[in-house]
Every structure is written in structure tokens, then in C-alpha cells.
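See below for the structure under consideration.
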Amino acid sequence: MDEEKVVKAGKIAGEIKSWVRPKIKSGIPLLEIAEMIEKKIIEMGASPAFPVNLSTNEYAAHYTPSHNDETLAHGLLKVDFGVEVDGWIADNAFSVDLEDLPLNKNLIKASEDALKNAEKILSHETSLGDIGKVIEKTIRSHGFNPVANLSGHSMEQYDIHSGITVPNVENNSENTFKTGVYAIEPFATNGKGFVHDGKKGNIFILEKDRNTRDPLGREILEYVKDTYGSLPFASRWIVKEFGGRAVLSLNQLENEGILHQYPILTEEKGKFVAQSENTFLIKDGTVINTTK
Ligand code: MN
Ligand code: MN
């Protein structure tokens, strides 16, 4: 693990978080917010680890604006973005209430407190079970439910979900946090605590590299392999490079099983979801919140 790069990616993410938070207002196009964050990441000498996720209300995660998106910021908005330095990743998220609604504010507070309480007990000796327990307990103390089928994750170079799951609910795992990089991300909801796969959210990843008949598709595939490798990318990034015709080719590549498009993780009954996330570097006796 390249600790220096892990810390550098986190520092950039944390700074951008503070910079962008006051700029997010009701009525601003989501496309503008996504591009503003992604541009800043590049200006600061890093790359987006994945497209900026801007998920609203019952959308918990995995929505990014399309190239011609006209959605305006509203509701309970989750801003989730990743910074990558030479493949070492910082993943972080915050939620904002753009309606001045007590429900939204309380959900946000529940997810923020859960993340804070998880951080308080976090060390290389903490079990995954205990982290889930403290997250669940905190969210329930606010009168809400944690989303049980969303979780944090370990990260490796160029690998956002590298195998270890950090649960948001009580469980009996006695496995502890080994040396490594972990995203912890509590989700609080006024629903029952489950999301399902909804509509597609304009975020793609290379699934299976094989031949396609579409010439533009072939070009896009080469570009994706060279530019994003194993990391997710936005359809709008491809449109920027190849023009509007790329949309059809992306669909074709998806139909051929070469690309996968993520569905939007959506609360089952349309209830609202808030999220908070930071990345932690854990090593022996030390814990660093890299994205603070
Ligand atoms: Mn995230
Ligand atoms: Mn994450």
C-alpha cells in the first residue's frame, strides 16, 4: 500500500468537500455540480475515481447526470465522489437538505452521527460486527433504520470494492480491520431499510473485454480500457470524447455484456435516504480519517 498516495487522495477529497458544500443550492443543475467537482479533482492533480454520484431522495446511490441532464438540485441530495491518485482511492460522501425539511435534516444527522460513532471505536482491533452494531444503534436512536443491504468496503489500488464489506447493521462478524483502506458509509432511511435496483444511472464499468461489431463501439472500448481500466465511468465522459453518437454505442456495448451499467439503488417504497461517508487508513495502532 502506498500510504502517501492514500493520504494525498483523501486530503484532496476533504478539501473539495469543504469547497463545494456551500455551493450546492436548490435549483442548480446536477450536471453543473458533477462537472464542478470533477474539474476541481483534476485541477488538484488527481482524477475522479468514479463519476460524481448525485442521488436524490429515495435514490440512495449510483446516479450521475447524463450529458444532457436537466435535473435541478432539490430534495435530500447525496453528494458522493471519489478521488484517485495513482490508483489509490479516497471515497467520501455527504448529504444536504435543499427543502428545509425536518425529516431530511434528521436523516442527515442520523447518518452523520453514525459515522462519527463508528470512527470513535475504529481501530485495528475493532470487529466488523461492532462497527455494524454502533451504526445501527445510532441510526435507530434517531428513530430511523439503517439500510441493511448497503455497506462500506475495503479498497485497494484501482479497486473500489476490494472484498471486505463494512456492514451498517449488527452482525456476528468477529473479523477485525486489518491494515488497509476502508470506506465507512452509513445510510439512514425512514423506510424499512432496504434498497433495490431501480432505473439505470448513467454509470458504466468494463465487464468483459471482447469483440464488438460496432466500429465506434470498438473505439470506445479501447478508450475505456486505456482511460478507466477497472474503474467506473460516466456516459457523459464518453459523449464528451466521441459526441452524441456514443450513446447508442454504449447501449450496444451494454447489450453485448461488454459494459455494465449500474442501476440506481433505490429505496423500495420511495422513502428517503441520507448518507455520510469517509475513508480510513488503518495500520497497527493508527487510524487516519483521510477524507476529513
Ligand atoms: Mn462513496
Ligand atoms: Mn463507498
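Index from 1, following the sequence. On a predicted model such as this, the values are computed, not experimentally measured, just so you know. Just so you know, ligand 1 is whichever comes first in the structure, and atom 1 is the first atom listed for that ligand.
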Report summary line: Interatomic distance, CZ@F233 vs CD@E241, rounded to 0.5 Å, equals 12.5 Å
Requested in this report: Would you check if the side chain of N175 reaches a backbone N or O of L128 as a donor-acceptor pair within less than 3.5 Å?
Outcome: no
Query raised in the report: Closest heavy-atom contact between S151 and T165?
Result: OG-CG2, 3.2 Å
**Report entry** Whether D80 has an N, O or S atom under 2.8 Å from the Mn ion (ligand 2)
**Finding:** no
Query raised in the report: To the nearest 10°, what's the angle at the Mn ion (ligand 2) between atoms NE2 (H153) and OD2 (D91)?
Result: 90°
Query raised in the report: Atom CG in N57, atom CG in L98: separation rounded to 0.5 Å?
Result: 9.5 Å
Query raised in the report: Is the distance between the Mn ion (ligand 2) and the nearest N/O/S atom of H161 smaller than 2.8 Å?
Result: no
Report summary line: Tested for ring pair (Phe, Tyr, Trp, His ring centres under 6.0 Å) against H62, the lone hit among F204, Y262, F50 is Y262
Report task. Measuring from the Mn ion (ligand 1), name the closest N, O or S atom belonging to E277. Result -> OE1
Requested in this report: Look at the N, O or S atoms of E185, main chain and side chain alike, and state whether any lies under 2.8 Å from the Mn ion (ligand 1).
Outcome: no
